[in-house]
Every structure is written in structure tokens, then in C-alpha cells.
K.L.:
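Right, I'll just put the structure down here and ask away after.
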Amino acid sequence: MQNEEIAWIFHELADLLELKGEEYFKIRAYRNASRILAGLDEPVKDAWKGGRLNKIPGIGKNIAAKINELLTTGNLKKYQELLEEFPPGLLAIITLPGLGPKKAGMIREKLGITSLEELAAAAREKRLRNLPGLGVRTEDEILRNIELRQSQAGRALLDLARNIAAELKGYLELLPGVARVEAGGSLRRWKETVGDIDLVVASDDPNTVIDSLAGHYRISHILEKGYDGAKFQTKWGIAVELEIVPEEVFTLALFRNTGSHAHFEKLQGLFEKKENSAAAALLGRNRGEMAEQDIYAMLDLQYIPPELREDRGEVEAALEKRLPDLVKLEAIKGDLHVHSTWSDGVADIEQLAGRAKAKGYQYMAVTDHSRSLHIARGLSLDKLHEQHEVIRELNKKQEDFRILTGIEVDILPKGELDCPDEVLKEIDVVVASVHSAFKQDRETMTARLLSAMENRNVDIIGHPTGRLLNQREGYALDLERVLEAAAGYGTILEINASPNRLDLSDVNARRAKEKGIKLAINTDAHDLKRLDEMPYGVAVGRRAWLEEEDVVNTMPAGKLLKYLRRR
DNA sequence: GCCGTTTTCGGCCCGACTGTTTTCAGTCG
């Protein structure tokens with residue numbers, strides 16, 4: 001059982017206890033444990049074997065005992081009992097924005113509703129609006145959110161899909177007769193969510209491959225089976241589709257499998273114009289040596305990296321040899337948005353810096369929350385000052401790495417910042433973000449962000465649209481005006497690399513670039529593990545056609561600091 | 001539930017917004 005799975009059980013346990021009406025602090029302890037386990041830097045199993053479980057801060061006697069039960073028996077009695085008491089549908093209902101345990105419980109009691117489907121039906125039949133505490137607006141909101149959820153059904157976040165894909169790839173590669181395995185489809189294009197995991201396998205024995213994968217512990221059952229492929233359902237909901245081909249056509253199959261459809265069709269058009277000469281050349285080659293580059297070369301195109309294959313002008317650009325030189329992970333020299341134990345992170349500054357350094361970074365900004373964000377233990381001005389003193393001391397001990405002072409300052413509902421200018425002025429990296437009053441109307445929210453950008457102390461706008469993938473839409477915002485303002489003021493916009501945000505999105509980041517706005521690709525990590533999520537942000541940057549010069553944290557430390565102080 | 005230069009119980013902990021109300025409970029970050 002992996003860390004994420006154990007963490008997920010405690011997460012659900014917390015929700016279940018909330019439905020049961022348990023005491024707030026007990027629920028919080030489970031939530032906290034879930035977060036800690038998900039962010040733990042070693043397999044929980046190793047800590048368990050080594051008897052170190054209750055050495056982990058936040059894991060006490062009781063939760064350690066439950067982890068022990070999980071790892072010993074594969075099950076948790078308390079969890080199972082609660083699941084029987086509260087149907088899984090109720091858990092889905094309380095994840096809807098605006099609905100919590102109290103309202104879900106009331107709706108269940110009054111109408112016997114225990115699933116999203118039943119809730120949607122009741123909303124359509126206008127049966128919710130007369131319940132105590134609910135009205136027409138809530139009813140509309142509920143229906144809208146359920147429909148939004150259903151429209152995304154089956155699409156997994158990229159990190160989950162990539163993790164499962166990597167595991168299955170490793171497994172398949174060990175099978176006899178399997179020469180190569182690669183993930184294709186939207187996963188290879190690094191799209192923010194993935195419908196199913198496409199794996200292309202080079203093997204002359206499809207049956208063995210299919211039967212072997214069917215027995216993998218991640219797979220719950222087989223959905224379709226053909227001669228040269230099969231589709232499976234995983235236990236995590238997302239489907240896996242296998243395409244099994246002879247080794248000599250592997251590259252071609254992977255190329256076609258990667259898509260997108262629109263990109264592929266456009267290339268097909270080019271092939272047809274070539275009157276089969278290219279296709280003939282393709283078939284005439286020694287196929288074993290063929291690389292994807294050759295396919296593009298045959299069409300007189302520059303090589304188009306998978307991230308660009310969306311038919312958003314990349315084929316035209318490749319024809320004219322003007323594809324961008326896309327930013328690479330190796331170009332990233334630091335992370336400018338990281339949380340420590342001073343606010344709501346679970347790793348301390350030295351641990352974070354150590355990990356950042358190990359990645360080859362030159363710098364990292366510690367940007368803990370500002371005073372008004374109580375739930376995240378936002379820092380008082382005194383604490384902030386103290387933290388910056390600590391950082392200055394830590395910097396004295398090292399020469400080849402620099403910890404930058406920072407803050408993630410709240411943009412308060414009326415647009416003012418949650419920290420006085422004279423304090424902000426002294427801070428290396430000021431990230432300003434919205435964490436409250438998400439339901440403001442478009443005009444108010446736009447003015448709020450504009451007001452923050454106007455402040456010359458603000459360097460970066462954090463997760464600019466506030467969206468959470470598969471959970472909630474961004475706040476109402478006139479993004480065009482925000483982009484205009486960012487371009488005018490010289491404000492940097494963030495690409496938040498967290499796989500559940502990826503905010504700005506690829507499309508919006510590309511618009512930002514077109515307006516001459518600089519971007520920062522940051523992890524917003526709250527633990528050591530999440531510092532590793534930078535590749536997801538870089539992928540968004542690549543999908544946005546960004547080059548190294550568009551991304552401020554590709555600059556060396558000295559140049560960056562100068563750049564930040566220019567306003 | 002966890003934690004403890006507070007040693008075994010008591011503290012942890014929060015204000016703002018929302019939609020429903022007409023004074024507030026529930027939700028949220």
C-alpha cells in the first residue's frame with residue numbers, strides 16, 4: 001500500500017467523521033495525518049517497519065495503530081464501519097462546493113438522498129429549494145456543480161495518471177518478449193487531465209501481454225479485448241488502453257497514438273499532398289532505426305514536441321521553421337513559491353532548502369502565508385520579521401545557494417494587501433494571491449486583482465484564476481484585463497505547478513506570453529515531495545510555447561533579484 | 001485525534017462570506 005492510498009483513507013475517514021458529527025479537533029487530526037502521510041519523504045511502510053511511525057509529528061498512538069492495522073491486514077475496521085453507515089455517495093455530496101456535512105445530513109434525512117444522481121434529480125424537480133437553509137440559488141448552484149462534475153467524469157489529474165502509467169510501464173517492460181513500452185495519448189502531451197492511459201507496447205505476443213496486465217494488482221477488470229490490444233479498468237477509476245504492435249512499427253504507432261487527432265489529421269493532409277512519396281520513403285526505411293524526428297523531417301517540418309501537438313498553429317510554425325525553443329526543466333534555477341512549517345507547510349526551511357539544492361537549484365523563496373489567513377497559520381508581522389532574520393542567518397552558512405525572503409500575501413476582498421508596504425518593500429519575493437471571497441462578481445474580482453498588481457511591491461500573482469482542477473472553477477474574472485494590467489505594470493504571473501491547479505493554464509499562459517508578460521513556474525510546495533512537481537508546471541509552460549527567457553526563475557539568482565527590484 | 005521547558009489534562013481554534021434569513025448556521029480556506 002502506497003503513501004497516497006493510506007493518506008486517502010485517512011482523508012475519507014475525516015470526511016466520514018465529519019458526517020458523523022465528531023469533534024472538530026479529532027477530524028482535524030485525521031486531515032492533518034492524511035496531509036503528512038501524502039507528503040512523507042519515504043514510504044510509510046518503511047517507517048512502519050522501522051518502528052518510526054510515531055516519531056512523525058502529527059502521527060500519534062492511535063493513528064499509528066490504524067496505519068499498522070492497514071499495513072498488516074490491508075483493511076481498517078473503523079473505516080469499513082463508517083462506510084457502511086454513510087454511503088459513498090454522501091462523501092461525493094459533501095465535496096460539492098457549498099455543501100458540507102450538515103446540509104448533506106439534512107438533505108439525506110428529509111429526502112433520503114445519498115448520491116449525486118439523486119441530488120441532481122431532486123434539484124431538477126425543484127425539491128431542494130424548500131428545505132431549511134436552502135433556496136433557489138443553492139439549488140441552481142448544486143445542479144450546476146453536479147453537471148460540471150459529470151462533464152469531467154472519468155478524467156484523472158495528470159499526476160495520478162502518470163504515476164499509474166509509470167508503474168504499469170515498469171511492469172510490462174519486465175515481461176518476456178516485450179521490447180519497448182511508452183505512454184502515448186494526452187498523457188504524453190502532458191495535458192492537464194487525462195481521459196485514459198494509453199500505453200504502446202512492442203511485442204510479438206499480444207496475448208501474453210494482455211493476460212499479464214490483467215493480473216496486475218492495479219487492474220480491477222478487463223473492459224475490451226481485441227487481437228492487438230485491450231482496455232482495462234484500474235482500481236483508481238481511470239482506464240488503461242493497450243496497443244500492442246511489432247517492434248518495427250513501434251515509433252509510428254506511438255506517434256499516431258500520441259495525437260492529438262487534430263494535429264495528426266493536419267499532418268495526414270501534408271502526407272497526401274506529398275503524393276505518397278513521403279509515405280513510401282517511410283515504408284522503405286529500415287524501420288528499426290526510425291525515430292519520430294524522421295516522420296516530421298519527411299514532411300519538411302521541424303520536430304514538433306508532444307506538448308505542442310494540439311493543432312494550435314504548431315504545424316504552420318514548423319513548416320516555417322519558427323517553432324519556439326521550449327523551456328526545459330533543466331533551465332529552472334529555483335522555486336519562488338514554497339511554504340514551510342512557519343505557516344501551513346510540513347517541512348522546515350532547512351529541509352526545503354536542502355531538497356531544492358539537491359535539485360541543482362540556486363535559490364528558493366520561502367513564501368509563507370500572511371497574517372489574515374488564520375487557517376493556514378498565517379504569520380504575524382513579528383513572526384515574519386523573525387523568519388526573515390532566520391533566513392539571513394541560514395544564508396550565512398552557505399555560499400552556493402540562496403534562500404530568498406518571501407511572503408504569499410493575501411489579496412484581501414477589497415483589493416488591499418494583507419501586509420504593509422514598508423514591510424513588503426524589504427522582502428525579496430512577494431507573491432500575492434486570492435484566498436478568500438471567491439464568489440465576488442467578475443467586476444469586483446477583476447478590480448481586486450488589478451489593485452494588487454498596481455502595488456509596486458508585488459512581484460508575482462500566485463495561481464491567478466484560483467481554479468482547482470476537477471473541483472472548482474476559477475473565480476469570475478476578466479482575464480483579458482488582468483493580462484493587460486500585468487503587461488502594463490510588469491507584474492509576473494505564476495504557473496502554479498501543483499497538478500490540481502496548473503494555473504495559469506497552457507492557453508492562458510500563452511496569451512500572457514503574447515502580451516509580453518513574464519511567468520514564474522512555482523510548485524507552491526507544502527512539503528518536500530511537492531517540490532518535485534516542477535515538471536508539471538514546466539509542461540504547462542511548454543504547452544504555452546514558452547521559451548527560457550519567458551520564465552523568470554530560469555535566471556541566475558543575482559539577475560533575478562535585480563529583475564525583481566526593477567519596478 | 002495530537003501534543004507537552006504545560007507532564008496526563010487541557011489546549012488546540014477563526015474570521016469572513018453566503019444564502020438564508022431578519023439574527024444566524026453552515027461553509028470555506
Side-chain angles (χ1 to χ4, degrees), chain A residues 9-37 53-67 69 76 78-79 82 93-109 128-142 144-145 339 341 343-346 368-380 408-416 418 433-441 444-445 448 462-463 466-468 471-476 498 500-501 524 526:
Chain A
I9 288 172
F10 283 107
H11 171 83
E12 291 216 315
L13 207 45
D15 282 354
L16 289 162
L17 291 172
E18 204 166 25
L19 278 168
K20 203 173 168 60
E22 268 288 358
E23 188 206 349
Y24 167 74
F25 292 103
K26 186 189 272 194
I27 296 163
R28 199 183 62 167
Y30 279 106
R31 288 243 155 81
N32 193 34
S34 168
R35 219 166 65 96
I36 289 163
L37 295 173
L53 273 184
N54 43 23
K55 295 270 190 302
I56 303 170
I59 308 294
K61 212 175 74 187
N62 285 296
I63 290 182
K66 289 191 171 62
I67 295 172
E69 186 186 336
L76 188 57
K78 180 165 180 169
Y79 177 56
L82 284 166
I93 287 174
I94 62 169
T95 64
L96 286 172
L99 282 188
K102 294 278 164 50
K103 282 185 182 160
M106 186 270 295
I107 293 170
R108 179 194 195 181
E109 193 190 321
L128 298 179
R129 56 181 62 184
N130 295 322
L131 295 177
L134 270 60
V136 179
R137 292 171 83 159
T138 311
E139 191 177 71
D140 288 348
E141 186 74 357
I142 287 172
R144 205 176 62 82
N145 279 308
H339 296 272
T341 44
S343 68
D344 60 346
V346 299
D368 277 311
H369 290 288
S370 59
R371 56 190 173 185
S372 290
L373 204 61
H374 297 284
I375 190 79
R377 303 213 319 261
L379 270 59
S380 67
E408 182 178 18
V409 60
D410 261 50
I411 306 172
L412 298 170
K414 292 195 172 109
E416 71 275 35
D418 187 29
S433 311
V434 168
H435 291 116
S436 59
F438 289 91
K439 289 192 172 176
Q440 287 180 332
D441 63 63
T444 311
M445 188 60 91
R448 182 176 173 187
H463 42 74
R467 73 161 177 184
L468 291 177
Q471 280 178 58
R472 93 178 167 219
E473 294 175 297
Y475 24 76
S498 178
N500 71 338
R501 288 194 184 270
D524 196 0
H526 286 67

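Below, read A as the first sequence line, B as the second, and so on, with proteins coming before strands; counting in each chain starts at 1.
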K.L.:
Rounding to the closest angstrom, what is the interatomic distance between B:dC13 and B:dG29 at atom C1'?
P.N.:
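It works out to 14 Å between them.
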K.L.:
Extract from the structure each pairing of a protein N or O with an N or O of nucleotides 6-10 of chain B at less than 3.5 Å, listing the distance.
P.N.:
none

K.L.:
Please report, rounded to the nearest Å, how far the C1' atom of B:dC2 is from the NZ atom of A:Lys26.
P.N.:
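My rounded result for the distance is 12 Å.
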K.L.:
Considering only the P atoms, how many Å lie between B:dT5 and B:dG1, rounded to the nearest integer?
P.N.:
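Their P atoms lie roughly 23 Å apart.
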K.L.:
So, are A:Arg377 and A:Asp368 salt-bridged, with charged N and O less than 4.0 Å apart?
P.N.:
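So A:Arg377 does not pair with A:Asp368 through a salt bridge.
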K.L.:
Could you measure between the two P atoms, the one in B:dG11 and the one in B:dT6, and give it in whole Å?
P.N.:
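Each nucleotide's P atom is 15 Å from the other's.
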K.L.:
Do A:Tyr475 and A:Gln440 pass the side-chain hydrogen bond (donor to acceptor under 3.5 Å, both in side chains) test, and can you show the C-alpha distance, the side-chain angles, and the key distance before you say yes or no?
P.N.:
CA-CA 8 Å; A:Tyr475 24 76; A:Gln440 287 180 332; over 6 Å; no
K.L.:
Could you tell me whether the side chain of A:Lys20 reaches within less than 4.5 Å of the side chain of A:Leu82, counting heavy atoms only?
P.N.:
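Yes; the side chains approach each other to less than 4.5 Å.
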K.L.:
In whole Å, what separates the C1' atom of B:dA25 from that of B:dT20?
P.N.:
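Straight-line distance between the two C1' atoms is 9 Å.
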K.L.:
Any chance you could list the contact pattern along nucleotides 13-19 of chain B? Use B for base contacts, S for sugar-phosphate-only contacts and - for none, protein heavy atoms under 4.0 Å, 5' to 3'.
P.N.:
BSS-SSS
K.L.:
Could you tell me the separation between the CD atom of A:Glu18 and the P atom of B:dG29, rounded to a whole number of Å?
P.N.:
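Answer to the nearest Å: 12 Å.
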K.L.:
Rounded to the Å, how far apart are A:Leu19 CG and B:dG26 P?
P.N.:
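Rounded to the whole Å, the gap is 14 Å.
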K.L.:
Looking for any heavy atom pair under 4.0 Å, which part of the strands does A:Lys78 touch: base, sugar-phosphate only, or nothing?
P.N.:
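Sugar-phosphate, backbone atoms only, no base.
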K.L.:
To the nearest Å, give me how far apart CD1 (A:Ile27) and P (B:dC2) are.
P.N.:
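Interatomic distance, CD1 of A:Ile27 to P of B:dC2: 14 Å.
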K.L.:
Is the shortest distance from a Lys or Arg side-chain nitrogen in A:Glu473 or A:Arg467 to a carboxylate oxygen in the other one below 4.0 Å?
P.N.:
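No, no charged N to carboxylate O under 4.0 Å.
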K.L.:
Within the side chain of A:Asn145, is there an N or O that forms a donor-acceptor pair under 3.5 Å with the backbone of A:Glu141?
P.N.:
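Indeed, once roles are kept as given, a pair shorter than 3.5 Å links the two residues.
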K.L.:
So what does A:Glu23 hit on the nucleic acid, given a heavy-atom distance under 4.0 Å: a base, only sugar-phosphate, or nothing?
P.N.:
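Answer is base: heavy atoms of A:Glu23 come under 4.0 Å of a base.
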K.L.:
With a 4.0 Å cut-off on heavy atoms, is A:Leu96 in touch with a base, just the backbone sugar-phosphate, or nothing at all?
P.N.:
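Contact class for A:Leu96: sugar-phosphate only.
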K.L.:
For the pair made of CG in A:Leu131 and P in B:dT21, what is the distance, rounded to whole Å?
P.N.:
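The answer, rounded to whole Å, is 11 Å.
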K.L.:
Please measure how far the C1' atom in B:dT21 lies from the corresponding atom in B:dG26, and state the result in whole Å.
P.N.:
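Looking at atom C1' only, B:dT21 and B:dG26 are 13 Å apart.
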K.L.:
Base, sugar-phosphate or nothing for A:Leu17? Non-hydrogen atoms, less than 4.0 Å.
P.N.:
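Contact class for A:Leu17: none.
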K.L.:
If you look at every strand shown and take non-hydrogen atoms under 4.0 Å, does A:Leu373 touch a base, only sugar-phosphate, or nothing?
P.N.:
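Answer is nothing: A:Leu373 stays at 4.0 Å or more from every strand.
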K.L.:
If the C1' atom of B:dT8 is compared with that of B:dA16, how far apart are they to the nearest Å?
P.N.:
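One C1' to the other, the span is 37 Å.
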K.L.:
Counting only Watson-Crick pairs (N1-N3 plus N6-O4 or O6-N4) and G-U wobbles (N1-O2, O6-N3), all under 3.5 Å, who is the partner of B:dT8?
P.N.:
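Here B:dT8 is not engaged in any pair, so there is no nucleotide opposite it.
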K.L.:
Can a donor-acceptor pair be found, under 3.5 Å and without considering hydrogens, that links the side chain of A:Glu18 to the backbone of A:Pro101?
P.N.:
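Not a single qualifying donor-acceptor pair exists.
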K.L.:
Here's a test of your reading of the structure: between A:Leu99 and A:Arg129, which maps to the more 5' nucleotide of DNA chain B?
P.N.:
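Counting from the 5' end, the first nearest nucleotide belongs to A:Arg129.
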K.L.:
Can you tell me if the side-chain N/O atoms of A:Lys66 get under 4.0 Å from OP1 or OP2 in B:dG1?
P.N.:
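Yes, within the criterion.
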K.L.:
For B:dC2 and A:Asn62 - does any side-chain N or O of the residue sit under 4.0 Å from the phosphate oxygens OP1/OP2?
P.N.:
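Indeed, a polar side-chain atom of A:Asn62 lies that close.
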K.L.:
Could you give the CG-to-P distance, from A:Asn130 to B:dT20, as a whole number of Å?
P.N.:
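Rounding to the nearest Å, CG of A:Asn130 and P of B:dT20 are 11 Å apart.
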K.L.:
So that I know where these two stand, are A:His463 and A:His435 an aromatic pair - ring centroids less than 6.0 Å apart?
P.N.:
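Yes, ring centres under 6.0 Å apart.
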K.L.:
Think A:Arg31 forms a cation-pi with A:Phe10, using NZ or CZ under 6.0 Å from the six-ring centre and within 45 degrees of its axis?
P.N.:
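Verdict for A:Phe10: no cation-pi partner in A:Arg31.
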K.L.:
If you look at every strand shown and take non-hydrogen atoms under 4.0 Å, does A:Pro57 touch a base, only sugar-phosphate, or nothing?
P.N.:
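Sugar-phosphate contact only - A:Pro57 comes under 4.0 Å of backbone atoms but never of a base.
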K.L.:
Report the distance from atom CG of A:Leu37 to atom C1' of B:dC2, rounded to the nearest whole Å.
P.N.:
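Taking CG of A:Leu37 and C1' of B:dC2, I get 14 Å after rounding.
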K.L.:
Check A:Glu416 with A:Arg448, please: is the shortest side-chain N to carboxylate O separation under 4.0 Å?
P.N.:
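Here A:Arg448 does not pair with A:Glu416 in a salt bridge, since their nearest N and O are not under 4.0 Å apart.
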K.L.:
Could you measure between the two C1' atoms, the one in B:dC17 and the one in B:dC12, and give it in whole Å?
P.N.:
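Comparing C1' positions in B:dC17 and B:dC12 gives a spacing of 24 Å.
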K.L.:
Should A:Lys26 and A:Glu23 count as an ion pair when the cut-off is N to O under 4.0 Å?
P.N.:
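The answer is no: the pair does not qualify as a salt bridge.
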K.L.:
What does A:Arg472 touch in the nucleic acid at a heavy-atom separation under 4.0 angstrom: a base, only the sugar-phosphate, or nothing?
P.N.:
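Since only primed, P, OP1 and OP2 atoms lie under 4.0 Å of A:Arg472, the category is sugar-phosphate.
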K.L.:
Mind calculating the distance between CG (A:Asp15) and C1' (B:dC28) to the nearest angstrom?
P.N.:
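Distance, rounded to whole Å: 14 Å.
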K.L.:
Using the side-chain hydrogen bond (donor to acceptor under 3.5 Å, both in side chains) rule, collect all pairs that involve residues 95-107 of chain A, keeping only residues at least two apart or in two chains.
P.N.:
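Every pair satisfying side-chain hydrogen bond (donor to acceptor under 3.5 Å, both in side chains) with a residue in residues 95-107 of chain A: A:Thr95-A:Arg149.
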